[in-house]
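One structure is given below, encoded as structure tokens.
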Amino acid sequence: RSSDLTIHGDALAQKIDTVTASIETIVSTLKRAGKVHIFLVTVPDWNVSIQMQVGFYDQTRRARVSDAVAAINKKL
């Protein structure tokens with residue numbers, strides 16, 4: 001982590017892996033519970049909303065979040 005509290009490099013990759021693994025664990029646990037129907041949706045990218053663009057005006061940082069969300073969704 002850097003002093004501006006953002007996640008970079010290996011730490012970001014680890015966070016993406018952790019979020020993905022947590023979702024996979026939830027789905028696996030549900031499957032083991034018996035005959036269940038599972039509907040999995042991707043993680044939404046809130047950066048496309050005008051509220052996020054106004055509240056978080058730094059386009060570069062928003063893009064980093066969007067990239068992380070896309071990476072999680074790709075792994076799912």
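In this text, all values refer to a predicted model and were calculated from it rather than measured experimentally.
Between Val48 and Asp45, the closest heavy-atom pair is CG2-O, 3.3 Å.
Within a 6.0 Å radius of CG in Asp10, other residues, nucleotides and ligands contribute 12 heavy atoms or fewer.
Under the 4.5 Å side-chain heavy-atom criterion for grouping Ile, Leu, Val, Met, Phe, Trp and Tyr, Ile50 is not connected to Val69 through any hydrophobic cluster. There is a path of hydrophobic side-chain contacts, each under 4.5 Å, that joins Phe56 to Trp46. When hydrophobic clusters are built by joining Ile, Leu, Val, Met, Phe, Trp and Tyr residues whose side-chain heavy atoms come closer than 4.5 Å, directly or via intermediates, Ile7 is grouped together with Val19. Cluster annotation: Val43 and Leu40 are assigned to the same hydrophobic cluster (Ile/Leu/Val/Met/Phe/Trp/Tyr, side-chain heavy-atom contacts under 4.5 Å, transitive). Note: the hydrophobic cluster containing Ile38 also contains Ile26 (ILVMFWY, side chain heavy atoms under 4.5 Å, direct or indirect links).
Atom CZ of Arg64 is separated from atom CG of Asn47 by 11.5 Å, given to the nearest 0.5 angstrom. Within the model, atoms CD of Gln53 and CZ of Arg62 stand 5.0 Å from one another, a figure rounded to the nearest 0.5 Å. If you take CD1 on Ile23 and CG on Leu76, they are separated by 5.0 Å, rounding to the nearest 0.5 Å. Once rounded to the nearest 0.5 Å, the distance linking CG of Asp17 with CG of Leu12 reads 9.5 Å.
In this structure a side-chain-to-backbone donor-acceptor pair under 3.5 Å is missing from Asn73 to Thr42.
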| field | Stepwise side chain to side chain contact (heavy atoms under 4.5 Å, CB included) test for Thr18 and Gln14 | value | CA-CA 6 Å; Thr18 299; Gln14 183 178 2; 4.2 Å; yes
| task | With side chain to side chain contact (heavy atoms under 4.5 Å, CB included) as the test, would you mind laying out the steps for Val65 and Arg61 before giving the verdict? | result | CA-CA 6 Å; Val65 172; Arg61 287 184 176 187; 5.9 Å; no
